[in-house]
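The block underneath contains the structure these notes are about, expressed in C-alpha cells.
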Amino acid sequence: MSATDVTINGTEENESRHDARSVPPMGMTGQGFQKAAVSAVDDIERYYTNLTSRQVLPSVSPGYLQKLLPSEPPVHGEEWQDIEKDIERTIMPGITHWQSPKFMAFFPASSTYPAILGEMWSAALTAPAFNWICSPAVTELETIVLDWLANMLGLPAAFLSKGEGGGVIQGSASEAIVTVMVAARERFVRRQLEREGVNDPEEIEDRSCELRAKLVALGSDHAHSSTKKAANIAGSRYRGISTDLSTEFALTGKQLRSKIEELHARGLHPYYLTVTIGTTNTCAVDDFHSIAEVAKDYPDIWIHCDAAYAGAALILPEYQHLAKEMSFVDSFDMNMHKWLLTNFDASCLFVRKRRDLTDALSVTPAYLKNSFTESGLVTDYRDWQVPLGRRFRSLKIWFVIRTWGVAGLQEHIRHHIRLGDLFAELVRSRGDIFSIMVPARFALTVLTVHPRRRPTPQLNGVTEGGVPRPYEDQHVPVEPHAHDQQLQEANEITKEVYTLIDQRKELFLTASVIGEAYAIRVVSANPLADEKYVREAFDELVSTAEEVLSKRPD
C-alpha cells in the first residue's frame, strides 16, 4: 500500500492526506482479514475434526518454546501466512488438548463453535465496558442472560436482577470468591460499627482496622484452595474445618458450629464461609440443611456456595432440590466454562443483595461519573468486581443458550452423567482390582487399586485440614502419609498404575491424596466426550493394573 493509500471499510481509497505507516491501521486490509479469517477458521475446524489423532499431553520439556522462537522481536512486520504457519510448528507441540475426548483430568474447560464465534464478536467490539455508557448492550445483555441462567438453574428468585440481587460474570470461581469475601468483610465491619454506634470518621477507621484483625474466613478441608487464597488477599485468617468419610467428606452443621464456637472462645470473628456443591477432590455436596440451621444463629457470616463445576447439573430438574436449598446463602457461583459449553472465561456469580457488593467495591472518581450512573437507572458492573474493565463475555453465553436451548443443555449434562455412571459400573465390575472411594457423582469417579486377593483397604475416616490437593498446581501428587501397611501397599500400587498411564500420554487423568489414600480421578465431561473413550480408559486402567499386580508377590 502506498503512502497515500488508506483502508476504509475494507477497501483502499486514495486520500490527499499523508499516511506513512507501512502496516495498515487494522494490521490488514479488509480483504486480507477476510482471507486470513477464513484460513484460521478452516484450521480450527480441522483441529477439532482430527483432535483424537493428537496425543492429549505434550511431550515437550520446560523451555522448549524459547528454542523455537527468535530471541528478539521482528523489526519489520511479517505476512500473516508466515505467522499462521507457526501455530502448528511452535504452539501445538506445547498444548494440552483439553477438548480431546481422551482428556479425563481435572474438570472440563468447554469449547464450542458458537462460543468461539461469541469470542470473535467480543474481540471485534472490544470495549472495557466498566459502566453502562461504555456500551449499553454489554451491560444489558449480561443482566438478561444471567437472569436466564438463574431461572434455568432453579435458583431462588432473590438472585434475580428484578429484586435486590442479580448476577455478574467473573473471570473464574476463584475471582468470585475474592470478590464476595471482600464484600463479606466490609459487611461484617459495617454492621459491627453500627451496633457500637461509632460515627466519628477517625474512630470508624481505627475500629475497622481492629475488627478486621480478628476476622476469620472458613471452609471445609475439601473446599477449593481459592478460599484460603482469597483470605490471604482479604487480609484475614483462614481456618479449615475437618470432614470425614462418614459423611462422604461433606461439611455438616455440627462441624461448622463447633468451629465457630471454638473461634468465638478465642475472641475471633468468623465472617465468611464457603460451602460447596461438587468439591474438587470427590464432588462432595455439603449438608446444606444442617448448615442452614447454624446460619440462623450467625447472620453476620456471609455464606458463599461454590458450585464451579457441578453447579451446571442444576439445569436438570432432578438436581434442582439443591438449588432450592440455596435460600440461606448470600452468593452462588458456577462456571459455564467448565461444564456448560461456553469457552473460558465465564464464571457466573449471583448475589442476594447487590448493594453488599457495591458498598464494598464502588469508587467513583470524577472521570467515571456520568448522568446515567448518577440517575441510578443503570447497572455499572465495575462495582460488582475487583477489576475496572471487563470484556463482552455475555455474547458467548447468549450464543450458547440460543444454540442449544434449555433442552439441549440438559441433554448435554445427562450425556456425561450417563458416561460417568457407565465408567463407575465398569470399575465396580472389577472389584478384584479397584475400589471406588466415594459414590460416583456428577460424572466423576474416584478410585484406588488394591492388592488382589486381599481385603479392600479402608481409610481411617478422617482427613486433616491441610489435605494436599496438588493436582490444582501440578498433576503429579505428593506422597500420602499412610500408617497402615495394607493402605501403604495399595497407595504404592495405585501410584504406579497412575504414573505408567501418565507417562504414556495417551490419556490424561489426575491423581490426588484423600486422607491417607492415593486415588485416581476420572471425569469425562468435555463436549466431545464419548462412550468409546470411556471404555478405552477403563481398559487401559485394567491392563495397567494387571501389569503392575503381576510383578508383585501374592
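In this chain, residues are counted from 1 in sequence order. Computed from heavy atoms alone, side chains included, the values below leave out hydrogens, waters and symmetry copies.
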- Checking ring pair (Phe, Tyr, Trp, His ring centres under 6.0 Å) for the pair F106/W98: CA distance, chi angles, key distance, verdict? CA-CA 10 Å; F106 307 110; W98 283 65; 5.5 Å; yes
- Query: When you look at D300 and R187, which way does the salt bridge (charged side-chain N to carboxylate O under 4.0 Å, His left out) test go after all the steps?
  - Reply: CA-CA 8 Å; D300 289 337; R187 188 183 74 172; 6.0 Å; no
- Evaluate the criterion side-chain hydrogen bond (donor to acceptor under 3.5 Å, both in side chains) for residue pair S290 and D287; output intermediate values, then yes/no. CA-CA 6 Å; S290 64; D287 183 359; 2.8 Å; yes
- Are Y271 and S236 close enough, and set up right, to give a side-chain hydrogen bond (donor to acceptor under 3.5 Å, both in side chains), and what steps lead you there? CA-CA 10 Å; Y271 75 105; S236 66; 2.8 Å; yes
- Task: Apply ring pair (Phe, Tyr, Trp, His ring centres under 6.0 Å) to the pair H450 and F434, showing each step before the final yes or no.
- Result: CA-CA 6 Å; H450 58 79; F434 303 118; 8.1 Å; no
- Query: Between E119 and R393, is a salt bridge (charged side-chain N to carboxylate O under 4.0 Å, His left out) present by the stated rule, with each step listed?
  - Reply: CA-CA 8 Å; E119 287 281 18; R393 292 176 288 205; over 6 Å; no
- Message: Is there a side-chain hydrogen bond (donor to acceptor under 3.5 Å, both in side chains) between S111 and Y48? Walk through the geometry before answering.
- Response: CA-CA 10 Å; S111 179; Y48 279 98; 2.7 Å; yes
- Task: Go through R504 and E547 one step at a time and tell me if the salt bridge (charged side-chain N to carboxylate O under 4.0 Å, His left out) criterion holds.
- Result: CA-CA 14 Å; R504 292 166 186 158; E547 175 188 344; 3.0 Å; yes
- Given the rule in the ring pair (Phe, Tyr, Trp, His ring centres under 6.0 Å) test, do Y319 and F442 qualify, once you have shown the distances and angles that lead to the verdict? CA-CA 10 Å; Y319 286 98; F442 304 112; 5.4 Å; yes
- Item | Intermediate values then yes/no, side-chain hydrogen bond (donor to acceptor under 3.5 Å, both in side chains), S543 and E546 | CA-CA 5 Å; S543 61; E546 294 278 11; over 6 Å; no
- Task: Determine, stepwise, if the pair K254 / E261 fulfils salt bridge (charged side-chain N to carboxylate O under 4.0 Å, His left out).
- Result: CA-CA 11 Å; K254 180 180 179 181; E261 291 174 350; over 6 Å; no
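Within the 3.5 Å criterion, the main-chain N or O of L57 finds a donor-acceptor partner in the side chain of Q55. Counting only distance, with no hydrogens or angles, the side chain of Q320 and the backbone of A313 share no donor-acceptor pair below 3.5 Å. Distance alone, capped at 3.5 Å, is enough to place a donor-acceptor pair between the S53 side chain and the N50 backbone. Distance alone, capped at 3.5 Å, places no donor-acceptor pair between the T342 side chain and the I397 backbone. Between the side chain of E248 and the backbone N or O of A250 there is no donor-acceptor pair closer than 3.5 Å. Under the 3.5 Å distance criterion, the side-chain polar atoms of E262 are left unmatched by any main-chain donor or acceptor of R257. For the pair D306 (side chain) and T276 (backbone), a donor-acceptor distance under 3.5 Å is absent. D286 places no side-chain N or O within 3.5 Å of a backbone atom of F288 that could act as its donor or acceptor partner. Checked by atom type and distance alone, the side chain of R390 pairs as donor or acceptor with a backbone atom of I169 at under 3.5 Å. Here the side chain of R237 pairs a donor or acceptor atom with the backbone of A213 at under 3.5 angstrom.
Between V180 and D333, the closest side-chain pair of non-hydrogen atoms is not below 4.5 Å. Inter-residue side-chain proximity for M181 and H304 is flagged as unmet; no heavy-atom pair is nearer than 4.5 Å. With a 4.5 Å cut-off on side-chain heavy atoms, K67 and L65 do not count as touching. F538 places a side-chain heavy atom less than 4.5 Å from the side chain of V427. Y533 has its side chain within reach of M104: a pair of non-hydrogen atoms, C-beta onward, lies under 4.5 Å apart. Counting only heavy atoms from C-beta outward, the side chains of T112 and N343 approach each other to under 4.5 Å. Under the 4.5 Å side-chain criterion, counting only non-hydrogen atoms from C-beta, T90 is in contact with L69. V449 places none of its side-chain heavy atoms less than 4.5 Å from the side chain of V548.
A pairwise comparison of heavy atoms in R552 and E496 identifies NH2-OE1, 3.9 Å as the closest pair. Residues R428 and D421 share a closest heavy-atom pair of NH2-O, 4.4 Å. Heavy-atom minimum distance, V400 versus A115: CG2-CB, 3.9 Å. The shortest non-hydrogen separation linking L340 to M334 is CD2-CE, 4.0 Å. Closest heavy-atom contact between A183 and A360: CA-CB, 3.7 Å. Of all heavy-atom pairs spanning I260 and I301, the tightest one is CD1-CD1, 3.7 Å.
Here the straight-line distance linking atom OG1 of T403 with atom CG of L409 works out to 9.5 Å at 0.5 Å rounding. With rounding to the nearest 0.5 angstrom, the CG atom of L273 is 8.5 Å from the OG1 atom of T227. With rounding to the nearest 0.5 angstrom, the CZ atom of R521 is 8.0 Å from the CD1 atom of I514. Taking CG of L316 as the start and CD1 of I413 as the end, the distance is 6.5 Å to the nearest 0.5 Å.
For the 3.5 Å distance criterion, the side chains of T252 and Q255 qualify, holding a donor opposite an acceptor. With no hydrogens or angles considered, a side-chain donor-acceptor pair links S331 and W302 at under 3.5 Å. For the residue pair H222 and S220, no side-chain donor N or O sits within less than 3.5 Å of a side-chain acceptor on the partner.
The side chain to side chain contact (heavy atoms under 4.5 Å, CB included) with H337 is formed by just one residue from the set C348, P108, S347; it is S347. When each of L256, V275, T274 is checked for a side chain to side chain contact (heavy atoms under 4.5 Å, CB included) with L218, only L256 meets the rule.
Between R430 and D432, at least one side-chain nitrogen of the basic residue sits less than 4.0 Å from a carboxylate oxygen of the acidic one, meeting the salt-bridge criterion. Ionic pairing of E186 and R212 is present here: one or more N-O contacts between side-chain nitrogen and carboxylate oxygen are shorter than 4.0 angstrom. R46 has a carboxylate O that lies under 4.0 Å from a charged side-chain N of D43, or vice versa, which qualifies the two as a salt bridge.
Ring geometry for F350 versus F332: interplanar angle of 30 to 60°, hence tilted. Using cut-offs of 30° and 60° for the angle between ring planes, the H416 and H412 rings count as perpendicular. Ring pair F103/F508 is perpendicular by interplanar angle, where above 60° counts as perpendicular and below 30° as parallel.
Ring centroids of H269 and Y298 are separated by 6.0 Å or more, keeping the two rings apart. Close placement of the H97 and Y47 rings is indicated, their centers lying within 6.0 Å of each other.
Figure legend: R352 and F159 shown as a cation-pi pair, the cationic atom lying under 6.0 angstrom from the six-membered ring centre and within 45 degrees of its axis.
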